[in-house]
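Notes to accompany the following structure.
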Amino acid sequence: MALPRQPWRPVGFPASIALLLLGCCALAAHAQAPPDGRALTLDEARTLMWDNNVDLRQLDVSIEQAALLEAQARALVLPTLRVVGVYTLNDDELQFAFPNLYAPLLPYLDSVYGADPGLETFFQDNPGFPDARDLARAEASPSVIQYRHDLRAIVTLTQPVFNARAFPAYRMARIVQQQSRIGRALAADGIDAALTQLYYEALRLQGFVRLREANLALAQTLLAQATIAREEGVGTAFDQNRAEVAARRAERELEQTQTGYQLLIEAIALLVRQEPGFRVARPEGGPAPAFGEGLLREALERDTQLRLLGRQRELDAELVAEVRAQALPVVFAQAQGQLQRASAFGGDAFRWSVSVQAVWDVFAGGMRQALRQERELESFRTALAREAREERVMSALRQLQLEMSALEAQREAAQAERDLAALGMSLAMEGRGLGVTSALEVDLARQQLLMAELALLDVDLQWEARRQEVLRITTRPPWGDPTR
């Protein structure tokens, strides 16, 4: 059973008509009112993310660690100096006394010197001239063979002359440094994609907040009009109740949208390490990307994952070269000096030596061949991963093109729907003023206009978000390209 329609008499109700016309202007008024807070543009947010994000700052440590690999590679061709000190406590000290080999000749020498008094006179006149009898009379002194407390110092200087592994090791160190920088950029790309998605979602809810504010203002205007109509005896309690429910619903929807928007601002603030006292600002529009071979080439050149895989192929090649270098000899020169306590059989206190040595592992049990084959297979797998990544980049670009084309068609439909809804709202308000349109029909027109406005804004921002994604994957980011 249809509800009876109450006639609407425009004469005598100037206040209600004024309130209704005020609600007509609410949408435009709230659409122009910006939210509180400083505007944070998308490019500013992306740059702040690159500079301040905690996860990226942790990767800076990995870059510094990778730089140390170059010093380690240089160490393969630089000299090394080793000093060794040895203290030995032996159980006993060993000594050996050598006998005087001239002692048996003493009787003979005494007889010769006694038989010739001139010899005795000669030695008395020349005390500096050695007397053979003194040598025969000398007592044997003991010599230490092993000290109880023995000290020794050894200094060794080694200079590599040829080490084939040093060349691929140095090149690998440089490649790993590049990989570390690209890895940071790759992580930044992932965070940048998430940040861009959050930013456009915040833009969507920001627009929804403005539209729902206008919707709430219009609903409150209709509630005030329904209240006045009932007070003047031309409206029903049902119309007033329905208008109040609609106003409460509009208020609740606005609060939910505002909460969602604030949560997104908090999420963006966490990524960029800023206080959440800012608002998002819609980027300036631009033309649709010119999809084609040129754009695809730019996307492939810009893709960080592809560049990382390219460095991985270079690293795989150097790993193979390093395995092959293991089959070559290592040649080095070595100088050694040794300082020790002098002993009977130990020689001088200081001794030194210089040598040139070559170490050549001629056969390693097949290990080198197995390692070389394994690393060649890794290189082949990296090449396959690179091809797969190129296909994914092309597919993603193609998908963005199709989505943007579909959204352009949807935008035309959404714009037409919005225009029709706006016309319907205008006709409903005009009919209400003439008494031929019910309050329920005016509320329905209001809801249709709101849904059409939300749909149009949603389609617009979806198209802009995909355009921004195309720019993101084909152009340099705001912070430049630190990996080149």
Side-chain angles (χ1 to χ4, degrees), residues 64-105 128-132 134-174 176-177 318-319 321-365 367-368 371:
E64 296 177 2
Q65 290 176 336
L68 299 177
L69 295 176
E70 191 171 340
Q72 296 177 19
R74 289 199 192 99
L76 295 176
V77 295
L78 295 177
T80 59
L81 180 65
R82 173 178 294 181
V83 178
V84 179
V86 181
Y87 166 76
T88 304
L89 176 63
N90 294 304
D91 59 345
D92 197 4
E93 184 174 289
L94 301 181
Q95 297 182 352
F96 178 79
F98 289 93
N100 190 344
L101 300 179
Y102 299 101
L105 299 178
F129 196 84
D131 189 342
D134 295 337
L135 182 62
R137 294 190 190 101
E139 296 183 358
S141 58
S143 299
V144 178
I145 299 176
Q146 173 182 289
Y147 290 98
R148 179 171 173 78
H149 300 277
D150 192 16
L151 297 174
R152 180 177 303 178
I154 304 172
V155 180
T156 304
L157 177 65
T158 303
Q159 172 61 60
V161 178
F162 175 75
N163 187 348
R165 300 177 65 180
F167 302 102
Y170 181 77
R171 291 192 293 267
M172 283 190 291
R174 300 296 298 271
V176 170
Q177 291 183 61
E318 295 300 335
L319 287 171
E322 194 270 340
V323 173
R324 290 174 177 167
Q326 294 179 15
L328 298 177
V330 177
V331 181
F332 58 92
Q334 190 174 83
Q336 188 175 83
Q338 181 171 323
L339 183 65
Q340 61 183 7
R341 299 181 68 179
S343 61
F345 301 116
D348 296 335
F350 177 74
R351 294 182 300 170
W352 63 269
S353 64
V354 177
S355 63
V356 177
Q357 304 178 37
V359 179
W360 195 352
D361 296 331
V362 179
F363 180 69
M367 178 62 70
R368 287 196 296 263
L371 282 175

Worked verdict on R82 versus T80 for side chain to side chain contact (heavy atoms under 4.5 Å, CB included): CA-CA 7 Å; R82 173 178 294 181; T80 59; over 6 Å; no
Value rounded to 0.5 Å, distance of CD in Q326 from CZ in R165: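 Between Q326 CD and R165 CZ, I get 4.5 Å after rounding to 0.5 Å.
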Atom pair OG1/CD of T88 and Q340 - distance to nearest 0.5 Å: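 It is 11.0 Å, given to the nearest 0.5 Å.
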Side chain to side chain contact (heavy atoms under 4.5 Å, CB included) between V331 and Q357, intermediate numbers included: CA-CA 6 Å; V331 181; Q357 304 178 37; over 6 Å; no
Aromatic ring pairing F167/F162, orientation class (parallel under 30°, perpendicular over 60°, tilted between):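 Rings of F167 and F162: tilted, 30 to 60°.
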Heavy-atom closest pair, residues [X] and [Y]:
{"X": "A173", "Y": "A73", "answer": "CB-CB, 4.4 Å"}
{"X": "V161", "Y": "A333", "answer": "CG2-N, 3.8 Å"}
{"X": "L78", "Y": "P160", "answer": "O-CD, 3.4 Å"}
{"X": "V77", "Y": "Q159", "answer": "O-NE2, 3.2 Å"}

Partner residues of [X] under the salt bridge (charged side-chain N to carboxylate O under 4.0 Å, His left out) criterion, sequence neighbours left out:
{"X": "E318", "result": "R171"}
{"X": "R74", "result": "E70"}
{"X": "R368", "result": "none"}

Results of side chain to side chain contact (heavy atoms under 4.5 Å, CB included) for V362 - residues two or more places apart only: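 Applying side chain to side chain contact (heavy atoms under 4.5 Å, CB included) to V362 gives W360.
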Sequence neighbours excluded, every pair satisfying salt bridge (Lys or Arg N to Asp or Glu O under 4.0 Å) that has a member inside residues 355-364: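 For residues 355-364: none.
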Sidechain-backbone polar pair: Q72 side chain, Y170 backbone, donor-acceptor under 3.5 Å: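 No.
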N163 (side chain) donor-acceptor with V330 (main chain) under 3.5 angstrom: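 No, because the side chain of N163 does not come within donor-acceptor range (under 3.5 Å) of the backbone of V330.
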Student check: side-chain heavy atoms of D91 and Q146 closer than 4.5 Å: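 SC-SC contact between D91 and Q146 confirmed.
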Contacts of T156 that satisfy side chain to side chain donor-acceptor pair (under 3.5 Å) - sequence neighbours left out: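 Partners of T156 under the side chain to side chain donor-acceptor pair (under 3.5 Å) test: Q336.
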Single hit among V356, L157, T158, V354 for side-chain contact (heavy atoms from CB on, under 4.5 Å) with Q334: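 The passing option is T158.
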